[in-house]
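To keep things clear, I will list the structure first and then write my remarks on it.
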Amino acid sequence: MTRVTKKPVVTSPSAIRARILAVVRRIPHGKVATYGQIAALAGFARHARQVGYALRDVSQGSDLPWHRVVNARGEVSTRAAVGWEDVQRDLLEQEGVELVRERVDLARFGWKPGVAARRTSEAAATRGKRRVALHAAPRRSRG
DNA sequence: GCCGTGACAATGG
DNA sequence: ACCATTGCCACGG
């Protein structure tokens, strides 16, 4: 059928954004994901900054769980509009995400896609040991 | 089409 | 543990 004449791979103005937002939408309630993780899951490793860009364009008025996205240190990233940092922290706490010193323990609340919730005891045990790769595949990526 | 910007990330001091 | 620097890459002017 030679319908490949013109493939829709045209990379829309924001094909990358759409993909990113799709991943953000998958973050489960009560969990958080890092910018770099989102980018990697979307298929755009080292585009962590683009995640922030995408969210900045959306933010309010959307059903997107934008508040579940934090930086690699588990902190809420500061953006242009001051004050929303508190809003985000509040939303997270409402979901049961603990914030210790303004930081989220990624080992506990970090979203692990594809892995169903294991036993709580097991998760606790993991805490004391070495932390396995939380991110999908950071490798040598840097941004 | 080049240049600066940015809700990031990793490294070094 | 904190601050400064460097890298990365799409987007907007």
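Scope of the values below: all heavy atoms of this structure, side chains included, with no hydrogens, waters or symmetry mates. Order of the sequence lines fixes the chain letters, A, B, ..., with proteins taken first and strands second; residue numbering starts at 1 for each chain.
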- Whole-Å distance separating the CZ atom of A:Arg73 from the P atom of C:dC2: 7 Å

- Task: Tell me which nucleotide among C:dC2, B:dA9, C:dC9 gets nearest to the side chain of A:Arg46.
- Result: C:dC9

- Query: Nearest-Å distance, CD1 (A:Ile16) to C1' (C:dC9)?
  - Reply: 8 Å

- Rounded distance (Å) that lies between atom P of B:dT5 and atom CD of A:Gln50: 16 Å

- Should A:Glu85 and A:Arg89 count as an ion pair when the cut-off is N to O under 4.0 Å? yes

- Message: Side chain of A:Ala72 only, heavy atoms from C-beta on: which candidate in B:dA10, C:dC2, C:dC11 is closest?
- Response: B:dA10

- Query: Does A:Glu95 pair with A:Lys31 as a salt bridge, N-O distance under 4.0 Å?
  - Reply: no

- Query: So, does the side chain of A:Tyr35 form a donor-acceptor pair with the base of B:dA7 at under 3.5 Å?
  - Reply: yes

- Query: What integer distance in Å separates A:Arg17:CZ from C:dC11:P?
  - Reply: 6 Å

- Task: Could you state the atom-to-atom distance from CG of A:Leu91 to P of B:dA7 in whole Å?
- Result: 19 Å

- Message: Would you say A:His47 places a side-chain N or O within less than 4.0 Å of OP1 or OP2 belonging to C:dA10?
- Response: yes

- Query: Under 4.0 Å: is that the gap between some side-chain N or O of A:Ser77 and OP1 or OP2 of B:dC8?
  - Reply: yes

- Query: Which of the following nucleotides, B:dA7, B:dC8, C:dA10, is nearest to the side chain of A:Asn71?
  - Reply: B:dC8

- Message: Could you check whether any side-chain heavy atom of A:Val51 comes within less than 4.5 Å of a side-chain heavy atom of A:Trp66, counting everything from C-beta outward?
- Response: no

- Take the protein atom CD of A:Glu102 and the nucleotide atom P of C:dA1, then report the distance between them rounded to whole Å. 15 Å

- Take the protein atom CG of A:Leu106 and the nucleotide atom P of B:dA10, then report the distance between them rounded to whole Å. 11 Å

- Task: Find out whether A:Asp63 and A:Arg25 are in side-chain contact, i.e. whether some heavy atom of one side chain is under 4.5 Å from a heavy atom of the other.
- Result: yes

- Query: Are A:Asp105 and A:Glu98 close enough that some pair of their side-chain heavy atoms sits under 4.5 Å apart?
  - Reply: no

- Message: What's the closest nucleotide to the side chain of A:Arg56 if the choices are C:dC8, C:dC11, B:dA7?
- Response: B:dA7

- Can you figure out which of B:dA10, B:dA7, C:dC2 approaches the side chain of A:Leu55 most closely? B:dA7

- Rounded distance (Å) that lies between atom P of C:dT6 and atom CZ of A:Arg49: 14 Å

